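Below is one structure; the comments refer to it alone.
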Amino acid sequence: VDEAHRLKNANSRLFQDLLRVSARHRVLLTGTPLQNSLEELFFLMHFLEPAKFGSLEDFKQAYAGLDDKDKVAELHRQLAPHLLRRLKKDVLKQLPPKMEQIVRLELSEEQRQLYKAILSKNYEALVDKSKSAVRL
């Protein structure tokens, strides 16, 4: 399954449909195996190997509070046979360093009006740097 992050919700139709598919091997491709929660990680692993990762409650109980280095190490040991992590720097050694070029463009009148509307609506959030989310 490509874009495996779509399987992080066990209640999704895709997850349920794919669980019904009989296959000798299952492979997930994702750039973000652990994005938000242990629960999401569990469902990816459950999809791959339901016998090994059978109970969400057991998984959460075993790995809740990953402040303990031993728990983190144990989780890594459990996941290691299922993950192949490749970094761009390891795969594409001849890749030149990232280069950014800023090209300034004028906004159209409509874009300028929309931009001003967004800024004025979110003025307080933009001014108050302590706020982390900007509402639109």
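Values in this document were obtained by computation on a predicted structure and should not be read as measured data.
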Next item on the list: Not counting sequence neighbours, list each pair that qualifies as a salt bridge (Lys or Arg N to Asp or Glu O under 4.0 Å) and has a residue in residues 46-60.
Entry: Glu39-Lys60

Mind listing the side-chain donor-acceptor pairs of residues 103-113 below 3.5 Å, one per line with the distance, residues two or more places apart or on another chain?
from, atom 1, to, atom 2, distance (Å)
Ser108, OG, Gln111, N, 3.2
Ser108, OG, Gln111, OE1, 3.3
Glu109, OE2, Gln113, NE2, 3.4
Gln111, OE1, Ser108, N, 2.8
Arg112, NH2, Leu107, O, 3.3

Note to self: To the nearest 0.5 Å, what is the distance between CD on Gln61 and CG on Leu38?
What the structure shows: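 Output value for this atom pair is 12.5 Å.
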
Next item on the list: With sequence neighbours left out, write down each residue that passes ring-ring contact (aromatic ring centres under 6.0 Å, His included) with Tyr63, or none if nothing qualifies.
Entry: Phe59

Checklist line | Results of side-chain hydrogen bond (donor to acceptor under 3.5 Å, both in side chains) for Gln16 - residues two or more places apart only | finding: none

Check: So His46 and Phe43, would you call those rings parallel, tilted or perpendicular, with 30° and 60° as cut-offs?
Finding: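 Rings of His46 and Phe43: perpendicular, over 60°.
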
Which atom pairs, donor and acceptor, lie under 3.5 Å between side-chain atoms of residues 69-76 and protein residues at least two apart or in another chain?
from, atom 1, to, atom 2, distance (Å)
Lys71, NZ, Ala64, O, 2.9
Glu74, OE1, Arg77, NE, 3.3
Glu74, OE1, Arg77, NH2, 3.1
Glu74, OE2, Gln78, NE2, 3.0

Next item on the list: Please tell me if the side chains of Val27 and Leu48 come closer than 4.5 Å, counting only heavy atoms from C-beta onward.
Entry: no

Item checked: Reference residue Phe15; test side-chain contact (heavy atoms from CB on, under 4.5 Å); the match among Leu19, Leu18, Asn11 ->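 With Phe15 as partner, side-chain contact (heavy atoms from CB on, under 4.5 Å) holds for just one option, Leu19.
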
Item checked: Nearest atoms (heavy-atom pairs only) where Leu44 meets Leu28 -> O-CD1, 3.6 Å

Notebook entry, point to check: For residues 81-111, which residue pairs qualify under ring pair (Phe, Tyr, Trp, His ring centres under 6.0 Å), counting only residues two or more places apart or in two chains?
Noted result: Phe53-His82

